[in-house]
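Throughout, numbering of the chain's residues begins at 1 and tracks the sequence.
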Amino acid sequence: MAQCAAPRHVYLDLGVNWCNTLQLHHFLPEVVHHPSRLRAPWLVFGFEASPLIAPYAELCTRELTAGRPLPPPPIIPSGSTRELRQFEASLNCSAATHSVGKHARSAVLQSCAFKALKDKLQLLKPDASLSSNATRMEWRLEQARTCPRTSQYILIPGAAGACDALPGSFVCPGSISMYGGAEQMIRGGLQPRWRKHMTSKNEQQKIEMHNVLQVDLVGWMLKSFREEDFVVLKMDIEGFEHIIVPRILKLNATKLIDVALWECHFTSGSKCHKLSKRLMDSGLRILYAEPFPFEKELHDSLTTVSRVKSRSNHSGPVLKREADGNISITSIVHGEVKSELWRNTKTTSKASVRRHKGR
């Protein structure tokens, strides 16, 4: 573990996708309102499991480390069907989507987008030197023990997992199977086995299996960071949060995390509101749920080709531990700020979180 002269500033971006959130830490209120954190060098680790996205993410980290802006993405920077709708006009898909009923529009838009982007999607190729090189990944993970003088952006081209690495290692033996072809890269990225069905909603979309290296995320965090470090953890990992968060709780790794942000994906075996409550009960200071209230500032900072519109009139719930130990929950629904105070987190009902989702 690094013995630095001063606490470090660390941002862990789990789910880099098209690099839209690699600089998210600069827009956090917990950073913006503390000039020393804004000026400090940051150690940024971006995890991206998709071998088709990793080459671009690698370029992003190189440019940002060099102090240059993000490079243009090779295709539209859409990470979901919702974001894909924002490119409807530029893809010349408006006529097709408006000729069908509301419930069929998503499928029609996907078909149209896949056809419009066919040539560019075929150019997305994996780089084995990135996604299949465990030795190189171990070296990159070891950089978490350094004391940087300038901000460093480091790509970890693998999945953040809850596996058990061998002694002296952070990369787990073997690999994990994930699913999705090039078309899935504009719908949310690769999906784990239990969400494989999410990749097969359109007949034009190919289903491919990728074997991806996996990192013992929590073990790595516990051996790399100290409680005095300022650590920001963001998760948008297509359901893996339901595996990683219980491990964070079991190994008491919340003591390392100052700010957590996530997009929690629905799964039948684990509930987002229960995980939120368990995280706050464990001592987590603040938890942002996507969409984040500062998304507009973040997306306005991106280059035009990398930008997707934010939902400025809506935000997910923000759970914050107040000085008296109570938990406040705030959200924006249709432009209206809603607030509530949990006086006893042990008896908080799931309705408290759901009321603030506005969904």
Side-chain angles (χ1 to χ4, degrees), residues 15 17-18 20 50 52-53 75-121 124 178-209 236-242 262-273 289-292 295-296 299 307-317 331-336 338 350-351 353-359:
N17 203 257
W18 298 110
N20 291 338
S50 172
L52 299 179
I53 295 178
I75 59 173
I76 57 173
S78 170
S80 65
T81 301
R82 173 186 64 81
E83 291 182 351
L84 186 58
R85 295 190 187 105
Q86 299 178 23
F87 299 93
E88 184 179 287
S90 63
L91 294 173
N92 295 318
C93 294
S94 299
T97 57
H98 287 84
S99 66
V100 298
K102 181 178 179 181
H103 295 292
R105 286 180 182 173
S106 292
V108 170
L109 173 59
Q110 289 172 24
S111 295
C112 181
F114 296 160
K115 185 180 296 184
L117 296 169
K118 181 179 179 180
D119 292 341
K120 290 185 176 181
L121 288 170
L124 298 179
M178 299 188 70
Y179 297 85
E183 295 85 2
Q184 184 63 23
M185 299 308 104
I186 58 173
R187 290 192 57 234
L190 294 184
Q191 301 291 323
R193 175 179 51 78
W194 61 89
R195 283 172 58 89
K196 181 181 175 182
H197 64 283
M198 299 295 290
T199 69
S200 57
K201 292 185 177 180
N202 190 290
E203 61 183 10
Q204 293 184 10
Q205 186 170 344
K206 299 175 183 177
I207 301 178
E208 300 173 357
M209 184 182 77
D236 185 358
I237 45 179
E238 306 303 324
F240 269 91
E241 64 274 10
H242 294 281
W262 71 349
E263 179 177 0
C264 192
H265 299 76
F266 172 80
T267 176
S268 59
S270 178
K271 305 299 182 183
C272 295
H273 67 270
E290 193 272 343
F292 310 129
E295 272 193 9
K296 185 178 187 303
H299 289 277
R307 184 183 300 154
V308 292
K309 294 180 181 177
S310 61
R311 290 169 280 179
S312 57
N313 67 337
H314 181 83
S315 79
S331 61
I332 303 172
V333 180
H334 302 303
E336 179 184 352
K338 294 187 175 184
K350 60 186 179 183
V353 175
R354 287 178 174 171
R355 277 198 296 271
H356 287 261
K357 287 186 177 180
R359 297 173 182 173

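In this structure, CG on D119 lies 12.5 Å from CD1 on I75, to the nearest 0.5 angstrom. Rounded to the nearest 0.5 angstrom, L117 CG and L84 CG are separated by 8.0 Å. Separating the OG atom in S80 from the CD atom in E238 is a distance of 9.0 Å, to the nearest 0.5 Å. The distance from atom CD of Q184 to atom CG of L121, rounded to the nearest 0.5 Å, is 11.5 Å. Considering CD of E88 and OG of S94, their distance stands at 4.0 Å, rounded to 0.5 Å. Annotation: the span from K118 atom NZ to E183 atom CD amounts to 10.0 Å, rounded to 0.5 Å.
A 6.0 Å sphere centred on NE2 of H103 holds no more than 12 heavy atoms belonging to other residues, nucleotides or ligands.
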### Query
After noting the C-alpha distance and the side-chain angles of E83 and W18, does the key distance pass the side-chain contact (heavy atoms from CB on, under 4.5 Å) rule?
CA-CA 12 Å; E83 291 182 351; W18 298 110; over 6 Å; no
### Message
Pair H265, C272 - check side-chain contact (heavy atoms from CB on, under 4.5 Å), show working.
### Response
CA-CA 7 Å; H265 299 76; C272 295; over 6 Å; no
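Shortest non-hydrogen contact noted between W262 and F292 is O-CE2, 3.9 Å. Closest approach of S99 to A96, counting heavy atoms only: OG-O, 2.7 Å. The heavy-atom pair separating G180 from M185 by the smallest distance is O-CE, 4.3 Å. Across all their heavy atoms, L124 and L52 have their closest contact at O-CD2, 3.5 Å. Minimum heavy-atom separation, C93 to A113: SG-N, 3.8 Å. In terms of heavy-atom proximity, N92 sits nearest to C112 at O-SG, 4.0 Å.
E290 and R82 are joined by a salt bridge, as a carboxylate oxygen and a charged side-chain nitrogen come within less than 4.0 angstrom of each other.
Side chain of Q110 to main chain of A107: no donor-acceptor pair is present (N/O by atom type, distance under 3.5 Å, no hydrogens or angles). Remark: the backbone N or O of R105 is not paired with any side-chain donor or acceptor of T97 at under 3.5 angstrom.
Side-chain atoms of S78 and R85 include no donor-acceptor pair closer than 3.5 Å.
Two residues are said to be in side-chain contact when any heavy atoms from C-beta on lie closer than 4.5 Å; I53 and L190 fail this criterion. E263 places none of its side-chain heavy atoms less than 4.5 Å from the side chain of P291.
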